[in-house]
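A quick write-up on the structure given underneath.
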Amino acid sequence: MRLKPCSNDPIAIRTAVDRGWQAYRSNAWVFSGFTLLAGGMNLLTQLGFRHASAALISTAGDAQPLAIAQAGAFLAGWGLSGLWLLVGLMQGAATALDGRALEGWRLLRPDWPSMARCGGTIAMIAAVLWGVRELADASAALLALLQPWLAPLPLLARLAVLVYVAADQVLWLPITVLGRASPWAALQSGRRAIDPHWLQALGLLSLVSLMILAGVLLLLVGLVVMLPLALCSLAAAYGQLFVPHGQRISR
């Protein structure tokens with residue numbers, strides 16, 4: 001089901017970040033604790049996959065199927081823990097923004113339908129970005145043969161399209177999780193709401209990206225604060241566009 005914006009006003013970035021900060025601050029221990037737990041699991045499974053992949057290259061014969069199974073298990077665990085983290089934080093952000101107390105056990109309970117929709121939306125966005133990259137690379141190779149001085153143009157166009165898509169889909173996560181939209185409906189709903197106010201969406205994307213980057217630069221420890229804060233800000237921005245005034249963000 002495609003969501004219709006309830007407001008034609010642009011995203012108020014400062015308001016979204018302020019509300020996101022208030023939501024995080026009121027439930028800081030729950031947000032950070034869950035991020036540490038789920039994020040730690042995600043990191044461990046990622047390291048396990050790397051180790052299993054290296055072992056897969058060095059093994060041969062009867063040990064090969066076991067190594068493949070181990071690598072597959074770690075890869076599945078990495079994907080599921082990442083989806084669990086994103087969906088749990090987004091649902092917690094909606095609860096906190098509604099002014100309700102956030103209980104940790106609710107974040108620990110996986111929401112499998114939301115995780116499935118979230119995974120489908122990620123796959124669809126990745127497919128779009130992959131298609132843009134392949135088309136740009138093929139165009140650049142062709143122009144390099146015909147007019148070498150024009151070869152950089154498709155690469156510049158690729159960068160412009162990637163930035164456009166990234167800003168256009170800045171709210172894909174809350175639309176998918178909170179709006180319960182299917183992957184295709186989430187892409188359409190995001191484009192419909194963001195296109196008239198694309199510059200504000202780009203500003204929100206830049207600010208959220210800086211938050212996450214700051215968390216990474218702080219030896220990953222900062223992510224237990226910055227990641228939930230970023231998602232709370234996105235949930236607040238989603239509420240501005242898709243939730244009528246006076247209604248709850250969470251369903």
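- Looking only at side-chain heavy atoms (C-beta outward), Gln46 and Leu43 come within less than 4.5 Å of each other.
- Going from atom OG1 of Thr35 over to atom CG of Leu223 covers 8.5 Å, rounded to the nearest 0.5 Å.
- The environment of Met124 atom CE is dense: over 12 non-hydrogen atoms of other residues, nucleotides or ligands sit within 6.0 angstrom.
- Considering every non-hydrogen atom in both Phe74 and Ala52, the closest pair reads CD1-CB, 4.1 Å.
- Put simply, CG on Leu229 and CZ on Arg25 are 11.5 Å apart, with the number rounded to the nearest 0.5 Å.
- Within the structure, side chain to side chain donor-acceptor pair (under 3.5 Å) contacts touching residues 117-127 (residues at least two apart or in different chains) are Ser114-Arg117, Thr121-Thr176.
- Residues Leu234 and Pro174 come closest through the heavy atom pair O-CG, 4.0 Å.
- For Ala71 against Phe49, the heavy-atom pair with the smallest separation is O-CD1, 3.3 Å.
- Contact annotation: the side chain of Val87 never approaches that of Trp112 to less than 4.5 Å [non-hydrogen atoms, C-beta and beyond].
- Side-chain contact between Trp84 and Met41 is present, with heavy atoms from C-beta onward closer than 4.5 Å.
- In this view, Arg158 and Asp137 satisfy the side chain to side chain donor-acceptor pair (under 3.5 Å) rule, not counting sequence neighbours.
- Closest heavy-atom contact between Ala186 and Ala181: N-CB, 3.9 Å.
- By the rule that hydrophobic residues join a cluster once side-chain heavy atoms approach within less than 4.5 Å of another member, Trp21 and Ile13 end up as members of one cluster.
- Atom CH2 of Trp105 has more than 12 neighbouring heavy atoms from other residues, nucleotides or ligands inside a 6.0 Å radius.
- Both Leu171 and Ile122 are members of a single hydrophobic cluster when ILVMFWY side chains are connected at heavy-atom separations under 4.5 Å.
- Interatomic distance, Ile175 CD1 to Met90 CE, rounded to the nearest 0.5 Å: 10.5 Å.
- Leu37 and Leu44 fall into different hydrophobic clusters, where Ile, Leu, Val, Met, Phe, Trp and Tyr residues are linked whenever their side-chain heavy atoms come under 4.5 Å apart, directly or through other members.
- Between Leu107 and Leu102 the shortest side-chain heavy-atom distance falls below 4.5 Å.
- Within the 4.5 Å cutoff, the side chain of Gln240 has no heavy atoms near those of the Asp9 side chain.
- Residues Asn42 and Leu85 fail the side-chain proximity criterion, which asks for heavy atoms closer than 4.5 Å.
- Taking CH2 from Trp78 and CG from Leu83, the interatomic distance works out to 9.0 Å, rounded to the nearest 0.5 Å.
- Considering every non-hydrogen atom in both Arg19 and Leu97, the closest pair reads NH2-O, 3.0 Å.
- Here the closest non-hydrogen pair linking Gly20 and Cys232 is O-CB, 3.5 Å.
- At least one donor-acceptor pair under 3.5 Å links the side chain of Ser26 to the backbone N or O of Ala23.
- To the nearest 0.5 Å, atoms OH (Tyr238) and CG (Leu231) are separated by 14.5 Å.
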For a side chain to side chain contact (heavy atoms under 4.5 Å, CB included) check, start with the C-alpha distance between Asn27 and Thr95, then their side-chain angles and the critical distance, and finish with the verdict.
CA-CA 10 Å; Asn27 301 272; Thr95 300; over 6 Å; no

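- Here the CD1-CD distance, from Ile194 to Gln169, works out to 8.5 Å after rounding to the nearest 0.5 Å.
- Both Leu129 and Leu159 sit in one connected hydrophobic cluster of ILVMFWY residues. Membership requires side-chain heavy atoms under 4.5 Å apart, directly or through other members.
- For the pair Cys118/Trp172, a side-chain contact is recorded, criterion being any heavy-atom separation below 4.5 Å from C-beta on.
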Start with the C-alpha distance between Ser32 and Tyr24, add both sets of side-chain angles, then the distance that settles side chain to side chain donor-acceptor pair (under 3.5 Å), and finish with yes or no.
CA-CA 9 Å; Ser32 294; Tyr24 169 77; 2.7 Å; yes

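- Connection of Val163 to Val170 is established within a shared hydrophobic cluster, with ILVMFWY side chains joined at heavy-atom distances below 4.5 Å, either directly or through further cluster members.
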Pairs of donor and acceptor atoms involving the side chains of residues 196-220, under 3.5 Å and at least two apart or interchain, shall be tabulated with distances.
| from | atom 1 | to | atom 2 | distance (Å) |
| --- | --- | --- | --- | --- |
| His197 | NE2 | Asn8 | O | 2.7 |
| Trp198 | NE1 | Tyr164 | O | 3.3 |
| Ser206 | OG | Leu202 | O | 2.8 |
| Ser209 | OG | Leu205 | O | 2.7 |

